[in-house]
Enquirer: 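The structure under discussion is supplied below as structure tokens; questions concerning it will follow.
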Amino acid sequence: MTWETVIGLETHVELATRTKIFCSCTTEFGGAPNTHCCPVCTGMPGTLPVLNEKVLEFAVKAGLALDGEITHHCKFDRKNYFYPDLPKAYQVSQLYLPIVRNGKVPIRTQSGTEKIIRIHELHMEEDAGKLVHDPWLDQTRCDYNRCGVPLIEIVTEPDFRTAEEVIAYLEKLRSTLQYLGVSDCKMQEGSLRCDVNLSVRPAGSAQLGTRTEMKNLNSFKAIARAIAYESRRQVELIEEGKRVVQETRRWDDNKDATFAMRSKENAQDYRYFPEPDIPPLEITQEYLDHIRKELPEMAEHKLIRYQAEFGLPLYDAQMLTGQKALADFFEACAALGSDPKQVSNWIMGPLMGQLSAKGLEAKDMALSPATLARLISLVKAGQLNRNTAVKVFEAVFDQDGDVDTYISAHGLAQVNDPDALAAAVEKVFSANPQSIEDFRSGKEKAFGFLVGQVMRELRGKANPQAVNQAIRDKLNS
Amino acid sequence: MKITEEMVDYISVLSRLKPEPEEKAQLATELERIVSYMDVLNRLDTAGVEPLSHVFPIKNVMRPDLPCPSLPREGLLKNAPSEDPEAFLVPKAVE
């Protein structure tokens, strides 16, 4: 029998606000345990939470960008559960009237499948604290720095059929949220976390199978592997005549397998009720219009514009718009007058090479657009050859060093002196009569050797085109 | 509304409470009495009345996104049932 995998996602995204959702403690990552806490976020009796206006703004921005409907009368609810990561014994979340419903995310997979992923809802809630279980004592240490950090949870319909579609969606979602500036979406720091709901069914069946929920997926790679593992596990169970149990399973990246955490059949009853401490929200059309005006240009729009306005090939436009930081960098260089295709080549080549070599994210690099623009203009003016320019680029990349200072300090300016070039050619020709003989008898390779020798003679600083021309002229004379 | 001993068991699991077997019948009776009080409200005709999620006629109460100093940790941890110099301590709870 052929089986079909059906997947829905619940993605938690930490919002890039300065303060927590219901109190004025900082959301900064890192920080010694329990130093970003106050009576509100540690659930002391008698405290009153007050909503951070930026949380609403970011959630609405995300909702509009995901093409969702904004709930005009909106409120918070209490989700009750006893676990020490939440000192109040409940999480303030939204069940009955989530801020956003019915969104749509168009995706395109690497193999070219295009489809729309439906967003069931997007709601606001608070993050929980971090627990460290003592391996020796019967004790758990609680750090509440993350407790109360604002999250949006984005829930899709079960519209995915493959891991490839899931990854395409997450990449799209991450890029969208980064463009909006509502989250940095760093999986390694937990600011983007994804739970995967997965079931299998005979291909063609309209009925959904029993699903499991997988947690602890900390990278796109882990998500893809967990989906492959869990689909296989469920198919094997059914083919052996057993049944899939609805439960939460934990992905173990080291063991490459999922393990049951808790059974849903056993009391997952959150006893939701309206949060009495937070007055309801009324979202006016005026507010929505205001937020809509503040939405930045999104990746899809830039993709079209880069091809039309800058004449870039589709591939370049896709690479540059994939990350907001790269798109911003590109536009800044173009605004400084650099040739757009040259800028694109530099970004996709040496710049991305440096980022991956240094393990840096584009938005964290020191290099300024002005530095690259200067390099490009020096190459264009024939004052620096391309290979030397790449070396200069690598040297100034880390600290955004001054290009001209570096070039003069290292004597790298291109030699455009025709007499020096002629002298070098002369010297190389008289030292390599065999190569000239070889070239004349048809060995094109010998030409390259001669170019290399002349370049070496001029310490790599010559203009390659001028060297080529000078050697051709000399051979033909 | 009839509260059975099974319902008492279920609510006990949710509340992480472990009543003694002999207490269950009494708890059921007491809970039933408490819940029956809600019947007073059920006597009202609420057809056509908008559900209310908050008792005061206020909305959109928000604050600007400006950080303020947190509570010094030493003071914060004074409220802990048990603590070490950095953290709240609780009995080991592994989900």
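Naming convention: chains lettered A, B, ... in sequence-line order (proteins, then strands); numbering from 1 in each chain.
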Enquirer: Need one label for A:I21: side chain, backbone, both or neither, based on atoms under 4.5 Å from any heavy atom in chain B.
Expert: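 Interface part for A:I21: backbone (N, CA, C, O).
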
Enquirer: Side chain from CB out, backbone as N, CA, C, O: work out which of these in A:P276 comes under 4.5 Å of a heavy atom of chain B, or both, or neither.
Expert: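 Backbone of A:P276 only, per the 4.5 Å heavy-atom cut-off to chain B.
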
Enquirer: Taking CD in B:E30 as the centre, count heavy atoms belonging to other residues, nucleotides or ligands within less than 6.0 Å. Is the count above 12?
Expert: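 Atom CD in B:E30 is packed in, count exceeds 12.
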
Enquirer: How long is the gap from OG1 on A:T42 to CG on B:L76, to the nearest 0.5 Å?
Expert: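 Answer for the OG1-CG pair, A:T42 versus B:L76, is 5.0 Å.
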
Enquirer: I'd like to know whether NZ of A:K130 has more than 12 heavy-atom contacts from other residues, nucleotides or ligands below 6.0 angstrom.
Expert: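 Atom NZ in A:K130 is not crowded, with 12 or fewer foreign heavy atoms closer than 6.0 Å.
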
Enquirer: So which heavy atom on B:K92 is nearest to which on A:L137, and how close?
Expert: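 The pair with the smallest heavy-atom distance is CE-O, 3.4 Å.
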
Enquirer: Measure the spacing between OH of A:Y81 and CZ of B:R16 and express it to the nearest 0.5 Å.
Expert: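 Here the rounded value is 11.0 Å.
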
Enquirer: Under 4.5 Å from any heavy atom of chain B, what part of A:L56 do you find: side chain, backbone, both or neither?
Expert: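 For A:L56, the contact with chain B is made by the side chain alone.
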
Enquirer: Which value, rounded to the nearest 0.5 Å, describes the distance between B:M62 atom CE and A:L281 atom CG?
Expert: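 B:M62 atom CE to A:L281 atom CG measures 5.5 Å (nearest 0.5 Å).
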
Enquirer: Check each atom of A:C41 against the heavy atoms of chain B and say whether the ones under 4.5 Å are side chain, backbone, both or neither.
Expert: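 A:C41 has no heavy atom closer than 4.5 Å to chain B.
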
Enquirer: I'd like to know whether B:V90 forms a side chain to side chain contact (heavy atoms under 4.5 Å, CB included) with A:C142, so could you lay out the CA-CA distance, the side-chain angles of the two residues, the decisive distance to 0.1 Å, and finally the verdict.
Expert: CA-CA 8 Å; B:V90 296; A:C142 312; 3.8 Å; yes

Enquirer: Taking A:H36, A:R141, A:H73 one by one, which has the highest count of heavy-atom pairs under 4.5 Å against chain B?
Expert: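 Heavy-atom pair counts peak at A:R141.
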
Enquirer: Could you state the interatomic distance from CZ (A:R18) to CG (B:L66), rounded to the nearest 0.5 Å?
Expert: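 If we round to the nearest 0.5 Å, A:R18:CZ and B:L66:CG are 6.0 Å apart.
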
Enquirer: Between A:P274, A:C38, A:A32, A:P87, which shows the greatest number of heavy-atom pairs under 4.5 Å with chain B?
Expert: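 Greatest number of close heavy-atom pairs with chain B: A:C38.
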
Enquirer: Hey, does the side chain of A:N34 reach the backbone of B:R73 with a donor-acceptor pair shorter than 3.5 angstrom?
Expert: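 Pair absent, no side-chain N/O of A:N34 close to backbone of B:R73.
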
Enquirer: So which part of A:D138 gets closer than 4.5 Å to some heavy atom of chain B, the side chain, the backbone, both or neither?
Expert: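 The answer is both parts of A:D138.
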
Enquirer: Side chain, backbone, both or neither: which part of A:P279 has a non-hydrogen atom closer than 4.5 Å to chain B?
Expert: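 Both backbone and side chain.
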
Enquirer: Out of A:K54, A:E57, A:E28, A:E275, which one racks up the most heavy-atom pairs below 4.5 Å with chain B?
Expert: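 Between A:K54, A:E57, A:E28, A:E275, the count favours A:K54.
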
Enquirer: So which bits of residues 32-42 of chain B come within less than 4.5 Å of chain A, counting non-hydrogen atoms only?
Expert: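 The stretch does not come within 4.5 Å of chain A.
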
Enquirer: Does the side chain of A:F82 come within less than 4.5 Å of B:L14's, by heavy atoms?
Expert: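 Sidechains of A:F82 and B:L14: no contact.
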
Enquirer: Need one label for A:R250: side chain, backbone, both or neither, based on atoms under 4.5 Å from any heavy atom in chain B.
Expert: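 A:R250 has no heavy atom closer than 4.5 Å to chain B.
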
Enquirer: For A:T35, is it the side chain, the backbone, both, or neither that has a heavy atom closer than 4.5 Å to a heavy atom of chain B?
Expert: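 Its backbone and side chain both get close to chain B.
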
Enquirer: Would you name the heavy atoms of B:S70 and A:C37 that are closest together and state the gap between them?
Expert: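 It is CB-O, 3.2 Å.
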
Enquirer: Is there a side chain to side chain contact (heavy atoms under 4.5 Å, CB included) between A:T140 and B:F88 once you walk through the steps?
Expert: CA-CA 8 Å; A:T140 293; B:F88 292 80; over 6 Å; no

Enquirer: Taking everything shown except A:F259 itself, do over 12 heavy atoms lie less than 6.0 Å from its CZ?
Expert: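 Counting neighbours around CZ of A:F259, more than 12 heavy atoms of other residues, nucleotides or ligands fall under 6.0 Å, so yes.
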
Enquirer: Between atom CG of B:N60 and atom CD of A:E53, what is the distance when rounded to the nearest 0.5 Å?
Expert: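 Output value for this atom pair is 11.0 Å.
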
Enquirer: For B:D65 and A:T19, indicate whether the former's side chain and the latter's backbone hold a donor-acceptor pair under 3.5 Å.
Expert: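 Pair found, side chain donor or acceptor close to backbone of A:T19.
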
Enquirer: Around atom CD of B:E22, are there more than 12 heavy atoms of other residues, nucleotides or ligands at under 6.0 Å?
Expert: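 More than 12 within 6.0 Å, yes.
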
Enquirer: Does the B:R63 side chain pair with the main chain of A:C23, one donor and one acceptor, at a distance under 3.5 Å?
Expert: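 Yes, the answer is positive, given that a donor and an acceptor are paired below the 3.5 Å cut-off.
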
Enquirer: Can you tell me which of B:V55, B:I58, B:L77 forms the most heavy-atom pairs within a distance under 4.5 Å of chain A?
Expert: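 Most pairs with chain A among the choices: B:I58.
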
Enquirer: Can you tell which part of A:F22 gets under 4.5 Å to a heavy atom of chain B, answering side chain, backbone, both or neither?
Expert: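 The backbone, not the side chain.
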
